[in-house]
> 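I am attaching a structure below and will ask some questions about it afterwards.
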4 protein chains.
Amino acid sequence: MADVRVRRSREDLRTALLDLLNAKTFDDITVREIAAHANVGYTTFFRHYPSKDALLDDLAAKEIGRLTAHVLPIYDSKDPVGACLAMCAYVQAQRPLWSALLTGGVASIVREELLKRSREATSTQPESGSLPPELGSALAVAVIVELLSWWLRQPQPWPADRVAEVLYRTAIAPFLSRS
Amino acid sequence: MADVRVRRSREDLRTALLDLLNAKTFDDITVREIAAHANVGYTTFFRHYPSKDALLDDLAAKEIGRLTAHVLPIYDSKDPVGACLAMCAYVQAQRPLWSALLTGGVASIVREELLKRSREATSTQPESGSLPPELGSALAVAVIVELLSWWLRQPQPWPADRVAEVLYRTAIAPFLSRS
Amino acid sequence: MADVRVRRSREDLRTALLDLLNAKTFDDITVREIAAHANVGYTTFFRHYPSKDALLDDLAAKEIGRLTAHVLPIYDSKDPVGACLAMCAYVQAQRPLWSALLTGGVASIVREELLKRSREATSTQPESGSLPPELGSALAVAVIVELLSWWLRQPQPWPADRVAEVLYRTAIAPFLSRS
Amino acid sequence: MADVRVRRSREDLRTALLDLLNAKTFDDITVREIAAHANVGYTTFFRHYPSKDALLDDLAAKEIGRLTAHVLPIYDSKDPVGACLAMCAYVQAQRPLWSALLTGGVASIVREELLKRSREATSTQPESGSLPPELGSALAVAVIVELLSWWLRQPQPWPADRVAEVLYRTAIAPFLSRS
DNA sequence: CTCTAATCGAGACGGTACGTCGCGTCTTACG
DNA sequence: CGTAAGACGCGACGTACCGTCTCGATTAGAG
């Protein structure tokens, strides 16, 4: 498990998938391509991931983990606006990565992973909003994903703080406890 | 073009796809299944649609066309709340159909088609909101799709008017002209 | 049967097939091509011939009929050498046609038709050679076809009389009654 | 290339084709049948042969190779009559195989392969006969194939030595050096 | 510092769906 | 109201991936 080679291979596979996502759609990427691009034998792929989707899930989960690790502390400290700004700044700093994740036909998986996180977060809080938490999460996540992917698609993107402001106004505020 | 057989075949294919979407995911449906289920030769499928996705696009476009034909007139008559209610009522009346369209892994195509409509609609109006129209459309559509698909997934769905109220509050009001 | 249009169509189809045989192999010719090239509706083809092969059979039979009509009288008048010369001369005169028939991957059908004729001819004669007539015919026909197709393939073909001489020596003489 | 599985698969495919040739015409045999009959995946067929014809070519070449390996030494030792006898004996010993090869609508491929061999053989010798060697080969091969296939078609076949005698008289002698 | 077991590369293989092509039948819209 | 146009069913084709499976050849890390 701690074998150097194993970690090397998995890391290489994730990186390879990301690279390829910059060039083509997820569906148009074959396992063989990923393996080749990672300088890894075709068979070896399956030694680490049971399928292409599993690799993508792993990749998305890892990156979303990093994102939330950056953002959640701020959010929890009762500073949702700051959290929005932190999120946008982080995404901007990793622009190519998040471009691939949000515009490479993979947005739905990212949405799914984000929802998972969101559900975990809201489940610890008491019911607070006017909507069922499940629905609130879904809508907020949908808006976040849509907004970010729109942002990343723009040839001349807005500055992060302006996006953060819109993000707060459209994805967070409408679903906060009051109202 | 006006050939009876042609119209028959296409209609049968669309219906077959819809039927199958009630049972399984779009990706798990094969062209051969659709053709068989439509009592149509496998080759004939391609005589009408270049691919499975093309059929789905056509199907989605047609259904969304019907939906907007119901809703738009009301919306244009300066009654957005009534339009929301009309939309929800229409979707409820066609529940199985829209369930398939919004929860069968096909939501992204529906979103795409809706966006097309939305863009056409907004392009005729002067810039009005605080957001770029393109972005406003995208967010509104995302929320609509998410909300409706959540609604249709519920075992004991809310009444249409309550959904319509949420719909107006979360998808329409935030993006209307006055910020 | 005597309908002018019918004869026109069939003639056109045969000619079209011949034309196409000059450009490509029989197997690479489609019924649609033949019909188009004959300025005849696709369906019409089948009104006259049940299949592509039937057309070819008809064509071959007709041409071989003409050939034997030229050659047989001479052969029957106890002048086999003259018959060979006549055959070669006739083939030479119709070079493009016979090139198509003998080098277009259709040689086996021509062989078959020739055999039919040959069998009819020998069946009227008493057993005469040292070989069973069936076998004698088969060998003679094989040599004739092979020799002629070789001849027609040559870029600078031999004069007809030289071919006729070889033809007599290799295809006729060895299977004549004596020996 | 030396992979055991590869050799197994190819061998199985050749055998399967031969088996099927005993039952039906080459054109009526589908690749799927061959693969199934060889207990080999359909796709695997194409991993070894680019087409049905390629398999047949390989098969024919291999069998003709064996045949000539038996016959040529004798022929080269200035004993053409003995070579004829050897050939007929060999064919008779492998009757089912050669029946399939010469009467399954495949004769033309066998002819082609034989011609290749024949050309190689004659190209090493000085021009000797009264005919161009190319032509001599073609005629001799045509007669050989025709004679053998006639022989194998017979319900009560001649003894091999009688066929050999005819073979020598009609296919070899007429084309030997002295005219 | 070795040796043993985990890891890897290579690639043959069975399988499923794909989209194409040609045949020959059957229907329909048009002249 | 018949016939030419062409929609259709059928079935084989060859392709592209998938994921499984053996093989040896390396190579890490425990003794």
> Could you state the CD1-C1' distance from C:Ile34 to E:dC23, rounded to the nearest angstrom?
12 Å
> Under 4.0 Å between a side-chain N or O of D:Thr44 and OP1 or OP2 of E:dG14?
yes
> Quick check: closest heavy atoms across C:Val40 and C:Ser9, and the distance to 0.1 Å?
CG2-OG, 4.4 Å
> Given E:dG19, E:dG14, F:dG9, identify the nucleotide with an atom nearest to the side chain of B:Val40.
F:dG9
> Whole angstroms only, please: what is the CZ-C1' distance between C:Arg32 and F:dA4?
13 Å
> Between the side chains of C:Arg8 and C:Asp12, is the shortest nitrogen-to-carboxylate-oxygen separation below 4.0 Å, so that they form an ion pair?
yes
> Given E:dA12, is OP1 or OP2 found less than 4.0 Å from the side-chain N or O atoms of D:His48?
no
> On DNA chain F, check which nucleotide each of B:Gly41 and A:Ser51 is closest to and give me the residue with the more 5' one.
B:Gly41
> Does any N or O donor sit under 3.5 Å from an N or O acceptor when you compare the side chain of D:Thr43 with the base of F:dG14?
no
> Whole-Å distance between E:dT16 P and B:Ile29 CD1?
19 Å
> Could you tell me whether the phosphate oxygens of F:dC17, OP1 or OP2, come under 4.0 Å of any side-chain nitrogen or oxygen in A:Thr30?
no
> Can you see if the side chain of B:Ser9 gets near the phosphate of F:dC8 - specifically, an N or O under 4.0 Å from OP1 or OP2?
yes
> Looking at E:dG11, does its base get a donor-acceptor pair with the side chain of D:Arg47 below 3.5 Å?
no
> Give the rounded distance in Å between these two atoms: NZ of D:Lys52 and P of F:dA12.
10 Å
> What integer distance in Å separates B:Asp3:CG from E:dC30:P?
9 Å
> Please determine if C:Lys24 and C:Glu33 form a salt bridge, counting it only when a charged side-chain N lies under 4.0 Å from a carboxylate O.
yes
> Please determine whether a side-chain nitrogen of the Lys or Arg among D:Lys62 and D:Asp58 lies less than 4.0 Å from a carboxylate oxygen of the Asp or Glu.
yes
> Whole-Å distance between E:dC18 C1' and A:Asp27 CG?
15 Å
> Between E:dG11 and D:Arg5, is there an OP1 or OP2 to side-chain N/O distance shorter than 4.0 Å?
no
> Tell me: CG of A:Asp28 to C1' of F:dT15, nearest whole Å?
16 Å
> Calculate the interatomic distance between D:Phe46 atom CZ and F:dC13 atom P; express it in whole Å.
7 Å
> Taking the side chain as C-beta and beyond, is there a heavy-atom pair between B:Leu56 and B:Tyr49 under 4.5 Å?
no
> Under 4.0 Å between any heavy atoms, over every strand shown, what does D:Asn39 touch: base, sugar-phosphate, or nothing? Just pick one.
sugar-phosphate
> Which comes earlier along DNA chain E counting from the 5' end, the contact point of D:Arg8 or that of B:Pro50, where each point is its nearest nucleotide?
D:Arg8
> With distance as the sole criterion, do the side chain of D:Tyr42 and the base of F:dG14 form a donor-acceptor contact below 3.5 Å?
yes
> Between the base of E:dG24 and the side chain of C:Tyr49, is one N or O donor paired with an acceptor at under 3.5 angstrom?
no
> Any base atoms under 4.0 Å from C:Phe45, or only sugar-phosphate, or nothing? Heavy atoms, all strands.
nothing
> Go through the steps for C:Arg10 and C:Arg47 under the test side chain to side chain contact (heavy atoms under 4.5 Å, CB included), then give the verdict.
CA-CA 10 Å; C:Arg10 297 196 184 173; C:Arg47 275 195 253 286; over 6 Å; no
